[in-house]
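This report concerns only the one structure given below.
Only this structure's heavy atoms are used, side chains among them; waters, hydrogens and symmetry mates stay out. Below, chain A is the first sequence line, B the second, and so on; all start at residue 1.
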Amino acid sequence: MDFLEVLNPQQRQAVTAGPGPTLVLAGPGSGKTRVLTHRIAYLAAEKYVPAYEIMAVTFTNKAAREMALRVNTLLEPAGLSPLSGGDMSLGTFHAFCAGVIRREAELLPMTRDFVIFDDSDQESLIRQAIKDYNLDPKQIQPRRVHNAISQAKNELIGVNEFASNDYFSEVVLRIYERYQAALLANNALDFDDLLFWVVRLLRDQPEVRSRFRRRYKHLLVDEFQDTNTAQYVLLKLLAGESPDLFVVGDPDQSIYRWRGADYRNVRRFQQDYPGAKTILLEQNYRSTQTILDVAMAVINRVPDRQRKKLFTERGAGQKVVVHEAYDEYDEASYVVDTISLLTALDGVDPGDVAVMYRTNAQSRPLEEAFLRANLPYRLVGAQRFYGRREIKDIIGYLRVIHNPSDQVSLLRVLNTPSRGIGGKTVAGLLSVAERHQVEPAQVLLDLAAGPASQFAQSFDGRALNALLNFAQPFSRWVVEKEALDLVPLIDRVLEDTQYHGYIDDGTEEGAQRLENIEELRSAAYDLEGIDLTSFLERVALVSDQDTLTEALNAPTLLTLHAAKGLEFPIVMIIGMDEEMLPHRRSYDDTESMAEERRLFYVGVTRAEDRLFLVRAFRRRFAGSSDLTEPSRFLEDIPPDLLDGDATSVHTWERRTYESDTTWEPQIVSPQQPQYEAGMRVQHDAFGQGIVLGTEINFDDEEVTIEFEEHGVKHLVASLANLEVLSG
DNA sequence: TAGTCTGGGCTTTTT
DNA sequence: GCCCAGACTA
């Protein structure tokens, strides 16, 4: 079959391997998606495997869509029918599990109408539980508890298996219990539950297990290094005794450990399946050799890893540019200026450029610089679309209409927009519901039915009125949802709640929020005829990268995490400073530090042609402005791969540490500058230069000097040990 | 009950 | 420096 001919020998070996357990270790840009898609096509076309026996899992919807598209492109010319519709199972772990739970709901403690709670829903349940125990959310941080519960579920540790050995884990256990009970009461699942329950189902129900094994005979897994324990066990349960289990991954690109991902699953796979075939894909089709060499120089310092020798036939290409800017604003200006130059002089398309950073906060100065220069940019995912307040409100309405048990959503929208239902009234509603052993939504629906309601006398006039403000339209929607399509239903809610008036405060932000609502409507419109259940599941399992991919020819701004899986002709990584990248939070743990290294590796290997590494001499963080040190990753790169003012980076450490080790300024903070433009000065490392300017910043005097041999530097007077030669 | 004030905290976020 | 949650006040 000719689609095998386009593959290199290793790729072909992978595609035609087996049947049996196969592990493909695929370096960046080595054609891993190609291997997966060709493998599927090969099974279908050469091995006559019926499509329904194939299951391919990915982590993102985008990856799943792309794969489906490419498989069909391969099969169509071969005269085979495309694997569309429900034939082949191709999707994310979570979507697959959600489907299983809906189909098998009668074996599980939830109904098939369950909703999926996102992080903020989860946290509000946890916050509630903390309050119920009279604990102080400042001592017991909801986020930490949430994290602990999530980790437990990822490790398949249910409430009953959770072992507590100190105060905190004791507290977590109690909250975990309450949290799980609350989820079930809300007829809701969190993301981790989707996997957790399916594993339980397959583990405890032999009939279901063998049914699944009979059906899914060929399993393929993308980004295998990102699987967590639950996902790994799920795969093993599905695979059974004689599995055709084909996994593709790259441990060097494992950057989601903090979400439970465990690249050691790669090793575990080799142990669990001793006969597994391992294939290494090392030839890179994306980057220049220089970029690959930079990547390897950094990643090779990660201990205990299987080395890959990445190579390309593209040639060395241009050197990697290192630039030291003064501060984050100067850094942003450098980025914008450089992009302008590249587009003006080198014929680069603005859309070919990506700017990557460690933390979302770093996008701000960049955005301001682009705005100032009046240039467009694309910002990826800083604030998730479905996480926006107005979107969550409307989704909240839809969810509670769909599933009145969803108390989290009910409480969210009950007084949004405000209709006089305050804390006291809410507490009253909850206690009435509790007393009568019904759900709060039932109390509301009953109140709306008329003054004869058994609950009416439980509330004083004002509270009753306020509750009716919500309950009356609510009870109408619950009836209307059967007859109305999605978009009219949304419109009805918007109209009845006068939501536009509430959100549109005349500001720019208000206008943006209106636009977001419009976008949600059109998303609903595009899915014409979809029922509420499917719509809500989609909304929960879809990320904005999927929805907001407008083709705008402008540079892309994104975090290093968000960059995984993408590629750009030109990549600029900013914030190449200690405490930023690697991030300060990762200092006390070698595994976290290794992950920072991998994160940088991921960023570097996104670049096809050119790479810029930018750092700032001083950086504002949490209000205070501090001097920075160059990232250790810069020091790891052989200097002959670098260009620009790279040398200053390598001499920087010497200057700050060897010339003067005292960080407390010994002299009284200079109120007046000690230097002035035009002075001739001598510096230990940089030699002679002329002062261009000077500035008092906080307690330091910062002098800008043009050195004869080393160009322009910004130095801190109290540390630089400058000798004035003439003024 | 709703608006204003204050204090703590501040990485990443495929689903 | 900025945002969010919870306390405080009108």
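The interatomic distance linking A:N228 (CG) with B:dT15 (C1') rounds to 11 Å, in whole Å. Counting to the nearest Å, the P atom of B:dT12 and the CG atom of A:L560 are 11 Å from each other. The distance between atom CG of A:L414 and atom P of B:dT1, rounded to the nearest whole Å, is 11 Å. Atom P of nucleotide B:dA2 and atom CZ of A:R462 are separated by 9 Å, given to the nearest angstrom. Atom CZ of A:R619 and atom C1' of B:dC10 are 15 Å apart (whole Å). Atom C1' of nucleotide B:dT11 and atom CZ of A:R257 are separated by 13 Å, given to the nearest angstrom. Between the P atom of B:dT15 and the CG atom of A:D190 lies a distance of 16 Å, rounded to the nearest Å.
Taking 4.0 Å as the cut-off between side-chain N and carboxylate O, A:E223 and A:K564 count as a salt-bridged pair.
For the 3.5 Å distance criterion, the side chains of A:N265 and A:R268 qualify, holding a donor opposite an acceptor. In this structure, a donor-acceptor pair under 3.5 Å is absent between the side chains of A:T605 and A:R286.
In terms of position on DNA chain B, the residue among A:R259 and A:K424 whose nearest nucleotide sits closer to the 5' end is A:K424. If A:G422 and A:L599 are placed on DNA chain B by their nearest nucleotide, the residue sitting closer to the 5' end is A:G422.
Of all the heavy atoms in A:L194 and A:I101, the pair that sits closest is O-CD1, 3.6 Å. Shown here for A:Q362 and A:P365, the closest heavy-atom pair between the two residues is O-CD, 3.5 Å.
In B:dT11 the O4'-C1'-N dihedral to the base is within 90° of 0, which defines a syn nucleotide.
Taking the ring centre of A:F470 as origin, the terminal cationic atom of A:R419 falls outside the region bounded by 6.0 Å and 45° from the ring axis. Taking the ring axis of A:Y256 as reference, the NZ or CZ atom of A:R598 does not stay both within 45° of it and closer than 6.0 Å to the ring centre.
Scanning atom types as modelled, no donor and acceptor separated by under 3.5 angstrom connect the side chain of A:R584 and the base of B:dT11.
If you check every strand for non-hydrogen atoms under 4.0 Å, A:T58 touches nothing. No engagement by A:R598 is indicated, since no non-hydrogen atom pair under 4.0 Å with the nucleic acid exists.
Ring stacking holds between A:W258 and B:dT12, with the centres under 5.5 Å apart and the planes within 30 degrees of each other. B:dT12 has no stacking from A:H561 on its base ring, since the centres under 5.5 angstrom apart and planes within 30 degrees of parallel are not both found.
Screening A:H583, A:R597, A:R585, A:R257 for a side-chain hydrogen bond (donor to acceptor under 3.5 Å, both in side chains) involving A:S592 leaves a single residue, A:R257.
A:F59 and A:H94 have their aromatic ring centers separated by at least 6.0 angstrom.
Comparing C:dC2, B:dT13, B:dT15 by their closest approach to the side chain of A:Y256 singles out B:dT13.
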Could you go through nucleotides 5-8 of chain C and list every protein N or O atom that sits under 3.5 Å from one of its N or O atoms, giving the distance for each pair?
from  : atom 1 : to     : atom 2 : distance (Å)
C:dA5 : O3'    : A:R127 : NH1    : 3.3
C:dG6 : OP1    : A:R127 : NH1    : 2.8

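For DNA chain B, no neighbouring residue in residues 24-33 of chain A is found when judged by any heavy atom under 4.0 Å.
Judged by distance alone, the side chain of A:T559 and the main-chain N or O of A:T359 form no donor-acceptor pair under 3.5 Å.
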